[in-house]
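In what follows, a single structure is set out as structure tokens and then discussed.
No experiment lies behind these values; they were computed from the predicted model shown. Letters go in sequence order (proteins before strands), and every chain restarts at 1.
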Amino acid sequence: MLSGKELDERAMLEELGRLIRERDPDVIEGHNLFRFDLEYIEARARRHRVPLAWGRDGGPLRGHASRMQVAERTIAYRRYEVHGRHLLDTWVLVQHYDVSARDLESYSLKDVALHFGLADPGRTYIDGDRISACWDADSERVLAYAFDDVRETRAVADLLARPYFVEAQVFPYPYQTVVLRGNATKIDGLLLREYLRRRRAIPLPSPARPFAGGYTAIFCQGVARNVLHADVTSLYPSIMLTFSVFPAKDELGVFPLLLRDLREYRLAAKALARRAEEPEARSYAAALQQTFKVLINSFYGYLGFPMGHWNDYEAAERVTATGRELIGKVVTWLRTRGAVVVEIDTDGLYLVPPPEVRTEEEAERFMAEAAAILPEGIRLEQEGVYPAMFSYKMKNYALLDPDGRLVIKGSGLRSRGLERFQRAWMEEMFRLLLSGEAEAIPGLVQRYLDDFARHRLDVRMFMKTETLQDSLETYREKVRARRRNPAAPYELALGSERPYQPGDQVSYYVTGEGVKVKVHEAARLATQWDPARPDENVAYYQAKLLNLWEKFRPLVEHGRLLPLEEGEAEEDGGPGEGVVE
DNA sequence: GCTAGCTGATGCCCG
DNA sequence: AACGGGCATCAGCTAGCG
């Protein structure tokens, strides 16, 4: 026997099919379409024996287990296909966006909409676990909520999907697939298409091997004033085109043709972005330009891509070696001219110009002289001037720009692996330090210590959010075999009632007494924190703050730029270095 | 018996 | 399933201490 509610559900599933056939969409968009909505609909449809004949040929919705890689994240999802239509998950778009922006705290539709300023202040909100109960009590409210979700999903897609729509016209992959594939795979598709068209044999991928990357070094720590930032525009693509570093297996010479075409396409988009009058057209062209920039840079990555049929590790190594040599020359020239190079990373560097370079014009002339030592086709450009910089470690620094904005870079300073209070404290600390108010920093430390002592901070300030990489089974197996240590997010996921899969996030905080607690034993889910009975481990969090302060204190108290000795200057992969084993 | 310091795994970030 | 390079955290281990 079916209850009234279940009859409703069957009717809705049938209505959904009717709607899809009637409206006949090319694209079906949804937030968490693959990882939730379709799985849910599929399960309910199976239960009610309602066929999901959504295809243009009347064919069914089909799903199979799949994984995708987005930077360091491995995401398990159920991949769905339906004949003649494209299924687009805005959650996946958000993942791609966040790889370069890294400014999202959560990937939920509501948080994403708020982040991008797409949320209507008057929209309906219902807690996820209360939707079912709310449906029974007030179905109108749930419908309003769902419709607000639809509006926000549409807005997110509008913001993030268009570059992929363009990609679908460039690559031999459908719109839906272009969103789910990595860039190297798409480049391989271009080469494959051309070789097949010309009826040429496809080479086998060469076996993967390690090779050295970019030149990264820190030469000074602490506070620097009047800092210039210069970088080589599109270093690796420029090296490939200038020195003809292309895959040896590419007998037809398709790779350089593609690279040149895409570069021109990007420059055209960039010009369009500048020229466009409508803000809409401008932001679209800018997004386009950004997509093609990433794509062009992926041509170097393709050389070292294990699955690429035309991959070439020798060529990849030549690209990075040339890059190290070129940027190394710039460093040498700058030093001979009396500049202090603060840090360098692959294609760019931060420096304090020599004392005789005072005005902006002098700085530009100075950098133009530096640029002149590089060969034709390699362009060194001045990217910015910063009144103050705090250099901490390789790839870790804070900048104060001329408009007083603070820019923080590096995993040690802005990682979401750090609790929010640590990031917030660092931001306030760097601002004081760089604007010449270092004496106020001890007071800042004390304020945060007091905040903890008096439980003035919300759980959001001290919880940690981590993404599960392994499945819970894999994790359990690894821990059992002592191939990894127990970790809090997995232990909490194991103890939780709701199911977890790789790619899901877990937010937790630490309870207990004293500094020496084992995190994976004292951790609780952030949702379990009760502001009326705050049980966070005050000593633990206070110690974290003090440790953080201790790391910066010597540099703050020293106050000036501190050159690192040659031995300390962590040089790695410097010019002339060989393969990293 | 205890702890500082090391090691390896993991997660996140830079270009 | 783009690349290499780097930092922080955590847990477990161990050398060296009292």
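Nucleic acid contact for T185(A): sugar-phosphate only, since backbone atoms but no base atoms lie under 4.0 Å from a heavy atom of the residue. Residue contacts for K293(A): at a heavy-atom cut-off of 4.0 Å it reaches no nucleic acid atom on any strand shown. Within the nucleic acid shown, R482(A) comes within 4.0 Å of sugar-phosphate atoms alone, with no base atom in reach, counting heavy atoms only. Within 4.0 Å of Y392(A), counting heavy atoms only, lie sugar-phosphate atoms of the nucleic acid but no base atom.
The CD1-C1' distance, from I344(A) to dG6(C), rounds to 15 Å in whole Å. The separation between M426(A) atom CE and dC7(C) atom C1' is 12 Å, rounded to whole Å. Atom NZ in K544(A) sits roughly 7 Å away from atom C1' in dT9(C) (whole-Å rounding). Protein atom CZ of F552(A) is 11 Å distant from nucleotide atom C1' of dA8(C), rounded to whole Å. Counting to the nearest Å, the C1' atom of dG5(C) and the CZ atom of R324(A) are 11 Å from each other. Regarding M240(A), its CE atom lies at a distance of 16 Å from the P atom of dA2(C), rounded to whole Å. Atom-to-atom, CZ of R79(A) to C1' of dA1(C) comes out at 13 Å; the value is rounded to the nearest Å. Rounded to whole Å, the distance from OH on Y302(A) to P on dA2(C) is 12 Å.
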Chi angles and distances behind the side-chain contact (heavy atoms from CB on, under 4.5 Å) call for M429(A), V445(A): CA-CA 9 Å; M429(A) 190 275 283; V445(A) 176; over 6 Å; no
Please assess D312(A) against K249(A) for the test salt bridge (Lys or Arg N to Asp or Glu O under 4.0 Å), listing each intermediate value before the final yes or no. CA-CA 8 Å; D312(A) 186 337; K249(A) 286 179 281 186; over 6 Å; no
Y490(A) and Y475(A): CA distance, side-chain angles, deciding distance, ring-ring contact (aromatic ring centres under 6.0 Å, His included) verdict: CA-CA 7 Å; Y490(A) 288 95; Y475(A) 166 77; 4.4 Å; yes
Output, in order, the C-alpha distance, side-chain angles, deciding distance and verdict of side-chain contact (heavy atoms from CB on, under 4.5 Å) for E167(A) and Y175(A). CA-CA 8 Å; E167(A) 281 194 14; Y175(A) 182 40; over 6 Å; no
Just the table, please: protein N/O against nucleotides 4-6 of chain B N/O, every pair under 3.5 Å.
none

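Side-chain atoms of Y302(A) and D188(A) form a donor-acceptor pair, as typed in the model, at a separation below 3.5 Å.
Relative ring orientation between H96(A) and Y164(A) is described as tilted, the plane-to-plane angle lying within the 30° to 60° band. In this structure, F452(A) and F421(A) have perpendicular ring planes: the angle between them is above 60°, well past the 30° mark. Taking the six-membered ring for Trp and thresholds of 30 and 60 degrees, Y107(A) and W91(A) have ring planes more than 60 degrees apart, a perpendicular arrangement.
The overall bend of the helix from dG1(B)-dC17(C) to dG15(B)-dC3(C), read as the angle between its terminal helix axes built from five base pairs each, is 20° when rounded to 10 degrees.
Rounding to the nearest 0.5 angstrom, the gap separating the CG atom in L468(A) from the OG1 atom in T74(A) is 11.5 Å.
Note on K393(A): a side-chain N or O is less than 4.0 Å away from OP1 or OP2 of dA8(C). The phosphate of dC10(C) (OP1 or OP2) has no side-chain N or O of Y508(A) nearer than 4.0 angstrom. For the OP1/OP2 pair of dC10(C) and a distance below 4.0 Å, the side-chain nitrogens and oxygens of H520(A) include no atom meeting the criterion.
Comparing K551(A) and V519(A) by the nucleotide of DNA chain C whose heavy atom lies nearest to each, the residue mapping closer to the 5' end is K551(A).
Nearest nucleotide to the side chain of T216(A), out of dA8(C), dG6(C), dA11(C): dG6(C).
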One character per nucleotide, please: for nucleotides 10-15 of chain B, 5' to 3', B when the base has a protein heavy atom closer than 4.0 Å, S when only the sugar-phosphate does, - otherwise. SSBBBS
